[in-house]
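So the structure is just underneath, and the comments pick up after that.
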2 protein chains.
Amino acid sequence: MPVPLYQAKADFFRTLGHPARIRVLELLQEGPLPVRDLLAQIDIEASSLSQQLAILRRAGVVSAEREGSTVVYSLATPELADLLDAVRRILTEMLVDQGELLAELRAEAHG
Amino acid sequence: MPVPLYQAKADFFRTLGHPARIRVLELLQEGPLPVRDLLAQIDIEASSLSQQLAILRRAGVVSAEREGSTVVYSLATPELADLLDAVRRILTEMLVDQGELLAELRAEAHG
DNA sequence: AGCGCAGTTGCATAATTGTTCAAGTCGCAA
DNA sequence: TTGCGACTTGAACAATTATGCAACTGCGCT
């Protein structure tokens with residue numbers, strides 16, 4: 001009996017539900033990067049980054065390849081970019097709505 | 001100082017990271033529904049569903065409106081459908097990849 | 001072989017989330 | 001105004017997830 005699809009989706013979203021993991025995916029959108037570069041951009045301890053990378057790996061969202069003494073990560077699929085785009089659109093829309101609400105509240109206070 | 005965008009994205013994904021919440025969003029894609037109907041489709045206690053709905057409400061993902069003695073929920077934005085589509089595509093691709101891997105493993109075993 | 005650098009893993013503890021049940025609110029109808 | 005159905009809320013306890021530190025692996029250099 002397969003995992004229900006809604007469960008798989010929830011699991012997937014949960015693996016994206018951490019700021020460091022989001023940053024990793026955003027950085028990898030530009031192309032593969034070694035851990036060292038990720039570490040330079042994300043303010044977090046090396047071991048903690050490793051843990052987050054492991055979570056992304058286990059979920060199949062990124063893949064790692066050893067190159068000499070460094071490890072290079074890349075997105076498992078470019079479709080992830082679409083997803084991040086969709087979220088960006090939703091968040092900006094939500095922020096706009098909040099802005100409008102805020103404007104209304106101000107108008108009310110001054111009216 | 002505003003919440004960093006990657007933090008907002010992570011929070012957003014986390015609010016989607018629960019099977020019941022995913023089911024709610026999927027059902028609401030078709031249009032607004034009263035709690036009673038959601039409850040009929042999702043196998044979960046009423047109070048638990050309420051908790052999950054509250055989480056979605058607080059995140060601004062759905063909105064609720066009282067109509068007589070029932071409460072009707074709807075998606076805050078239709079853009080959510082795009083997001084769910086993107087996830088579906090990603091998951092199916094990931095499953096296909098796994099299928100291919102499985103096929104390879106079988107070929108190896110019998111070869 | 002012995003070192004040091006780049007990452008990773010294990011594990012203990014702290015912090016968040018989820019689940020359940022009891023109690024509470026709101027509208028409606030008797 | 002009492003009662004009931006439809007939801008929601010609060011709070012306690014269980015389960016997951018996050019964090020930080022120490023130990024460990026793999027590679028390249030000397």
Side-chain angles (χ1 to χ4, degrees), chain A residues 3-4 6-25 27-28 31-76, chain B residues 3-4 6-28 32-76:
Chain A
V3 175
Y6 56 84
Q7 176 72 61
K9 289 180 189 169
D11 289 347
F12 180 81
F13 281 127
R14 247 184 330 173
T15 86
L16 303 191
H18 186 289
R21 298 197 292 265
I22 292 291
R23 298 240 42 216
V24 167
L25 297 181
L27 291 168
L28 293 184
L33 286 176
V35 173
R36 156 176 30 90
D37 289 6
L38 295 173
L39 200 47
Q41 308 273 335
I42 307 177
D43 188 29
I44 190 184
E45 281 188 29
S47 81
S48 193
L49 178 57
S50 253
Q51 304 263 22
Q52 305 310 329
L53 289 172
I55 291 171
L56 292 172
R57 252 187 288 125
R58 281 195 289 272
V61 172
V62 303
S63 57
E65 202 174 337
R66 180 138 221 150
E67 291 194 4
S69 71
T70 78
V71 177
V72 176
Y73 278 83
S74 52
L75 293 188
Chain B
V3 175
Y6 56 83
Q7 175 72 60
K9 289 180 189 170
D11 289 347
F12 180 80
F13 281 127
R14 250 188 326 180
T15 86
L16 303 191
H18 187 289
R21 299 198 290 265
I22 292 290
R23 298 238 43 215
V24 167
L25 296 181
E26 287 181 340
L27 290 167
L28 293 183
L33 286 177
V35 173
R36 157 178 28 88
D37 289 5
L38 295 172
L39 200 48
Q41 308 272 336
I42 306 177
D43 189 29
I44 190 182
E45 280 190 30
S47 80
S48 192
L49 178 57
S50 252
Q51 306 264 21
Q52 306 308 330
L53 289 172
I55 291 171
L56 292 173
R57 253 187 287 124
R58 282 195 287 272
V61 172
V62 303
S63 56
E65 203 174 338
R66 181 139 222 148
E67 290 193 5
S69 71
T70 79
V71 177
V72 177
Y73 278 83
S74 51
L75 293 189

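In what follows, chains carry the letters A, B, and so on, assigned in the order in which the sequence lines appear, proteins first and then strands, with residues in each chain numbered from 1.
- Crowding of Glu65(B) atom CD: a count of heavy atoms from other residues, nucleotides or ligands under 6.0 Å not exceeding 12.
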*Begin with the C-alpha distance, continue with both residues' side-chain angles, and end with the deciding distance and a verdict on side-chain contact (heavy atoms from CB on, under 4.5 Å) for Thr70(B) and Val35(B).*
CA-CA 7 Å; Thr70(B) 79; Val35(B) 173; over 6 Å; no
_Per-nucleotide protein contact string for nucleotides 10-21 of chain C, where B marks a base within reach and S marks sugar-phosphate only (heavy atoms under 4.0 Å, - for neither)_ = BB----SSSSBB
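- A heavy-atom distance below 4.5 Å is found between the side chains of Arg21(A) and Ile55(A).
- The side chain of Arg36(A) approaches dG7(C) more closely than any other nucleotide in the set dT9(C), dT8(C), dG7(C).
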*Which is it for Leu16(B) and Leu16(A) under the side-chain contact (heavy atoms from CB on, under 4.5 Å) test, yes or no, and what are the steps along the way?*
CA-CA 10 Å; Leu16(B) 303 191; Leu16(A) 303 191; over 6 Å; no
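- The shortest distance between side-chain heavy atoms of Tyr73(A) and Leu53(A) falls below 4.5 Å.
- Between the side chain of Arg23(B) and the main chain of Asp43(B), no donor-acceptor pair closer than 3.5 Å is present.
- Considering only heavy atoms from C-beta on, Leu25(B) comes within 4.5 Å of Val62(B) through its side chain.
- Using a 4.5 Å heavy-atom cutoff, the side chains of Asp37(B) and Leu27(B) are not in contact.
- Side-chain contact check for Val61(A) versus Phe12(A): some heavy-atom pair is nearer than 4.5 Å.
- Near-neighbour residues of DNA chain D inside residues 58-71 of chain A, defined by a heavy atom below 4.0 Å, number-ordered: Arg66(A), Gly68(A).
- Residues Leu28(B) and Leu38(B) have side chains in contact (heavy-atom distance under 4.5 Å, counting atoms from C-beta outward).
- Protein chain A contacts DNA chain D over a range whose 5' and 3' limits, counting nucleotides with an atom under 4.0 angstrom from a non-hydrogen atom, are dT16(D) to dG28(D).
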